[in-house]
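A note on names: the letters A, B, ... follow the listed sequences, proteins ahead of strands, and every chain is numbered from 1.
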Amino acid sequence: MNACLTKQILRTEPPAPRVTATNTTATPAPAEAVPHASPDASLETEIRAPHLIEISNLDFYYGEKKALDCVNLTIDANRVTAFIGPSGCGKSTLLRCLNRMNDLIDGAAVRGGTIKIGDADINAPGIDAIELRKCVGMVFQKSNPFPKSIHENVAYGLRIQGIRDRAEIARRVELSLRGAALWDEVKDRLNDNALGLSGGQQQRLCIARALAVEPQVLLMDEPCSALDPVATGKIEDLIHELKTRYTIIIVTHSMQQAARVSDKTAFFYLGRLVEYDDTRTIFMNPANPQTEAYVSGRFG
Amino acid sequence: MKRFYDTELATFRSQLILMGEKVIERIRLALRALAESDTEIARRVIASDDEIDRLELAIDNEAMRFMNLRAPIATELRLVIVGMKASRDLERAGDEATGIAKRALRLAAEPPILTNDDEDAVHLRQMAAVALEMLREALDCLHDSENNDKAIDIVRRDKVVDKLNKRLYRALTARAAANPAEVNRAIELMFISKSLERIADHATNIAEEMVYLAQAKDIRHAGKQG
């Protein structure tokens, strides 16, 4: 997993040939996958440091409209961070900045500040957004499996990476489905169409799909808003499990969900970060009265 | 379906049980210090009060955290609320143990006014036995919250302890009136009797809380409301 960002940073130096990059994720042992072993030693420690993502003075615009105003935020590795706030507060915009999903929107741009993941400035010219998204996976509000088999949904990303070995693909598919707590429910019908799964299962399939390419960070944009309470509970339990291996950032409108699953919570309002603290503090004794009004459902 | 925070609830429950066990242990030791005029044990009981206080704080803290972050409902919510109340009752019962130990310490410095087979001494031992048994059974309900027949039985037994306390009060007052030299010692024993009566009250409260935990039924003050 650490190799993922290592790869990313390697690409910012002399851009490594694409083949090398693909092999990096394909090889099971990350240590031998990285061609330059010595400079990476310090990188490894850097990646494991508590702060993985550092957002500094970030200004973001949709055309002339400022959507994020001087946001400063550091996100801890292997923790769940929740972004909360009323609609239009900028929380989803910020989430999408972290894997540059906003690049796809016309006129949307970062016009000030930086986002660093590990050592890499993700908006720097050398960074390939596609490569970045392999490291920073995303799960959306509405599950969006491909209209293909369950197996193929997860295998797709691996094939794109150039993995051809069928046994290796099968192994990684199983690993990802297990990681997403879906394996037991689908192992006997891997060739069935994914669209036949329930909403909760489809969402976990999308998580499995994201896990397959071994990201380091998992972004979740209201992953449970279309799910019933049992499916929601399963996703929440899964998030709790996944945080031992991934850094997770979740946008949610459910205060209960933010309180249950996250270690840290950031409250946004009108494009500004109002308060950021341990989830316990945000929900028990927030510093800002606006935060308290929002988490208690009186405002926003 | 098991949720990831089920283990937090299990830990919460076992913290309460741990606190209860420690309180029972302290009451037993305080009573032993009294029976055997053992000042060393009495001092040990007095010194260990902090530990109970810390457990009370930890339990309340966890209950607040759980309510805030886990938004519990139904049985989970009742467990957390009952836990906060029970930890307070246990802490108070623990304080009574400290009180008994302090009096045992003072009584040890003077000759005893009751012999072992004295009727008052028998009543005092009886009270101690019933009160401890009530507390023990109230805690057992926490292990097995389905089994709350026991809890209702505990509530009934509180009357036995109340009666013994009244009887001892009268007997010790009479003794003090008859032997002015023994007034101080009689008063100490009266307070010890009162402490045991209070311990039984706390056990009763916990038992009532256990019924509430299992059935969401509030049986407090049921007798008085007719």
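The environment of CZ in B:R125 is crowded: more than 12 heavy-atom neighbours from other residues, nucleotides or ligands sit within 6.0 Å. Enclosure of atom NZ in A:K243 by more than 12 non-hydrogen atoms of other residues, nucleotides or ligands within 6.0 angstrom is indicated. More than 12 heavy atoms of other residues, nucleotides or ligands shown are found within 6.0 angstrom of CZ on B:R44. Heavy atoms from other residues, nucleotides or ligands lying under 6.0 Å from CZ of B:R157 number more than 12. Heavy-atom neighbours of A:F146 CZ from other residues, nucleotides or ligands within 6.0 Å: above the threshold of 12. Other residues, nucleotides and ligands place more than 12 heavy atoms under 6.0 Å from the CD atom of A:Q141. At most 12 non-hydrogen atoms from other residues, nucleotides or ligands lie less than 6.0 angstrom from CZ of B:R88.
B:N68 contributes atom CG, which lies 12.0 Å from atom CD1 of A:I282 (distance to the nearest 0.5 angstrom). Taken from CG in B:L69 to OG1 in A:T265, the straight-line distance is 8.5 Å, to the nearest 0.5 Å.
Interface residue A:V230: backbone and side-chain heavy atoms are both found under 4.5 Å from chain B. When heavy atoms are compared at a cutoff of 4.5 Å, B:M64 approaches chain A by way of both its backbone and its side chain. Of the atoms belonging to A:Q257, not a single heavy atom falls under 4.5 Å from chain B.
Across all their heavy atoms, B:K2 and A:D237 have their closest contact at O-OD2, 3.1 Å. Closest approach of A:R260 and B:F4 over heavy atoms only: O-CZ, 3.3 Å. Of all non-hydrogen atoms in B:R70 and A:A259, the two that sit nearest each other are NH1-O, 3.5 Å.
The closest donor-acceptor contact from the side chain of A:R280 to the backbone of B:R65 lies at 3.5 Å or more, if one exists at all.
Residues A:H240 and B:R3 fail the side-chain proximity criterion, which asks for heavy atoms closer than 4.5 Å.
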